[in-house]
There are 2 protein chains.
Amino acid sequence: MAVVDIQFTAHDCGGCPIKHRAVCARCDDDELSLLEEIKYYRSFEAGQTVLWSGDPMDFVGSVVTGVATLSQTMEDGRTQMVGLLLPSDFVGRPGRGEAAYDVTAVTDLTMCCFRRKPFEKLMERTPHIAQRLLQMTLDELDAAREWMLILGRKTAREKIASLIFILGRRDASLGLGTTTVGQMTFDLPLTREAMADYLGLTLETVSRQISALKKEGVIDLQGKRRVHVPDHERLLAETGDDADGGMVA
Amino acid sequence: MAVVDIQFTAHDCGGCPIKHRAVCARCDDDELSLLEEIKYYRSFEAGQTVLWSGDPMDFVGSVVTGVATLSQTMEDGRTQMVGLLLPSDFVGRPGRGEAAYDVTAVTDLTMCCFRRKPFEKLMERTPHIAQRLLQMTLDELDAAREWMLILGRKTAREKIASLIFILGRRDASLGLGTTTVGQMTFDLPLTREAMADYLGLTLETVSRQISALKKEGVIDLQGKRRVHVPDHERLLAETGDDADGGMVA
DNA sequence: GCGATGCCTTGACGTAGATCAACCTTGGGC
DNA sequence: GCCCAAGGTTGATCTACGTCAAGGCATCGC
């Protein structure tokens, strides 16, 4: 089956319960079968730590289902999330033998892993893999830079609005949640504490700001996790970003 | 002359005043001569804006001499620096036709540029370019994540110490400045305001914290720009990071 | 030499968000 | 149905940093 580009995304197409597609129209079959050969799946429960920073890491891979985070912790316990991994996001770095960040499953998680050494070899011989990874890494870098603006210059309220906006945007682009013109409903995959670690705030401040946005009708909550945004524009206005194109990708 | 890997670094080797090496032992001469063909230099004075966010961008390139910054500005004028470009750093994104950030020369600046379209074509045919760019982008992503910890969780004092540490480390790795065991001396390439934009602080806070570190003997200043760090370990202790390997690459 | 200009420093004061602490909600196990 | 634990909310207070304002100190053109 010929596919135009290499995909690191989840597909359910029989065989193994969740099939991970890694095929490329321009690479020959040997490459593909090798990729299949070094592939395996790992599952984690919500709350489990996948890897501690400094652990040896003999695989790279990507998230198939669930949500994971990358975070850094200082000696005194202050922690900052530095990556939020949703389905199709890549984990690990070719050429790096140990984890640079703590990787944690925040929901039940399935990952598709490739043994690192053979993957690196394959990457040398199959240019499209490196090209695809380059695009993905550049996207992550853009996201990191948007995140830096949030961390460095936004108020607590703007931070919360931005986070909700970003999570909604990602869910929408993955076809999750409900989206109608100007509205959306979806689940927050993070606890208040995880949101605080994302935004460089305390969990109390997160809670207060969410309450405030709720009281003012910017968002609506069903339970603690499910969010309804009645007016997309209104939320965007609260993020501090300008309407068009202010936020990347 | 055969070189093992593609380099995006500055070399003065005759021909053009500052020669930009883009050679690869494993690629044939045609590729190389094409890379030479689409190459040109641009110079900017300190303070000049290279590109505004949203400007069309028909080149990619790298810094040859000087320092430039990437930054994002909100409607009300708050700005956050999201990239600090020193010699050999890459600018631009293959496949992106407009600048996503403001690019500013903070010192006199020379850049080596390649016309974007032909560069992209060349990249498709010359795998080592994508592989090299991938490594560089991954390094930038690591730096961005270190930066996120600084922005989100560190105190003003720790931020300043971290910045001085990072700048010293980079200067040392480029062979600039003076380094003896446990000591170093180098020039801050940034104004107080630029440091504030880097760290998500105000320039007054930057100034106060620098004064405090000076008063306490952690650093020493000759003029406003030249820094002497008498005890590397002492400075590192002030950054809040743990001694070994806490900070990436 | 002498303003003028662009950084930088320092001080006084205000405030957003952290901290400390109590309490509430929800869901699971029995 | 009841208890318990984990996560979430809300209030009172504290403080690090921002804001506003007044100089200081080099460098430049004249």
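Proteins get letters first, then strands, A, B, ... in listed order; numbering begins at 1 in each. Worth knowing before you read on, the calculation uses all heavy atoms, side chains too, and leaves out hydrogens, waters and symmetry mates.
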Could you state the atom-to-atom distance from [atom1] of [X] to [atom2] of [N] in whole Å?
{"X": "B/D187", "N": "C/dC7", "atom1": "CG", "atom2": "C1'", "value": "16 Å"}
{"X": "A/Q222", "N": "C/dG27", "atom1": "CD", "atom2": "P", "value": "14 Å"}
{"X": "A/K224", "N": "D/dT9", "atom1": "NZ", "atom2": "C1'", "value": "7 Å"}
{"X": "B/Q209", "N": "C/dC8", "atom1": "CD", "atom2": "C1'", "value": "15 Å"}
{"X": "A/L199", "N": "C/dG17", "atom1": "CG", "atom2": "C1'", "value": "13 Å"}
{"X": "A/K154", "N": "C/dG17", "atom1": "NZ", "atom2": "P", "value": "13 Å"}
{"X": "A/L221", "N": "D/dG7", "atom1": "CG", "atom2": "P", "value": "18 Å"}
{"X": "A/R157", "N": "C/dT15", "atom1": "CZ", "atom2": "P", "value": "18 Å"}

Taking atom [atom1] of [X] and atom [atom2] of [Y], what is their separation to the nearest 0.5 Å?
{"X": "A/D142", "Y": "B/L141", "atom1": "CG", "atom2": "CG", "value": "10.5 Å"}
{"X": "A/L163", "Y": "A/L201", "atom1": "CG", "atom2": "CG", "value": "9.5 Å"}
{"X": "B/R226", "Y": "B/D220", "atom1": "CZ", "atom2": "CG", "value": "11.5 Å"}

Could a donor-acceptor pair under 3.5 angstrom be found where the side chain of B/E193 meets the base of C/dC7?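 Flag unset: no donor-acceptor pair detected.
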Do A/R225 side-chain and D/dG7 base share a donor-acceptor contact under 3.5 Å?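 By the distance-only test, no, there is no pair.
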Of all the choices, [options], which nucleotide is nearest to the side chain of [X] once you look at every atom?
{"X": "A/S207", "options": "C/dC8, D/dG18, D/dT9", "value": "D/dT9"}
{"X": "B/R208", "options": "D/dT19, C/dG17, D/dC17", "value": "D/dT19"}
{"X": "B/T155", "options": "D/dC17, D/dG8, C/dG11", "value": "D/dC17"}
{"X": "B/E204", "options": "C/dG17, C/dT10, C/dT26", "value": "C/dT10"}

Give the ring-plane orientation class for A/H232 versus A/F165, where under 30° counts as parallel, over 60° as perpendicular and anything between as tilted.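 Taking A/F165 first and then A/H232, their aromatic rings sit tilted (interplane angle of 30° to 60°).
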Looking at [X], does any N or O in its side chain come under 4.0 Å of the phosphate oxygens OP1/OP2 on [N]?
{"X": "B/T202", "N": "D/dG18", "answer": "yes"}
{"X": "A/R192", "N": "D/dT9", "answer": "yes"}
{"X": "B/T205", "N": "D/dC17", "answer": "no"}

Between A/R153 and A/T191, who's closer to the 5' end of DNA chain D by nearest nucleotide?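 Going by which nucleotide is closer to the 5' end, it is A/T191.
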Going through the checks in order, is the side-chain contact (heavy atoms from CB on, under 4.5 Å) test met by A/M184 and A/V227? CA-CA 8 Å; A/M184 57 183 179; A/V227 187; over 6 Å; no
Map B/L203 and A/G200 onto DNA chain C by nearest heavy atom, then report which one ends up closer to the 5' terminus.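 Final value for this comparison: B/L203.
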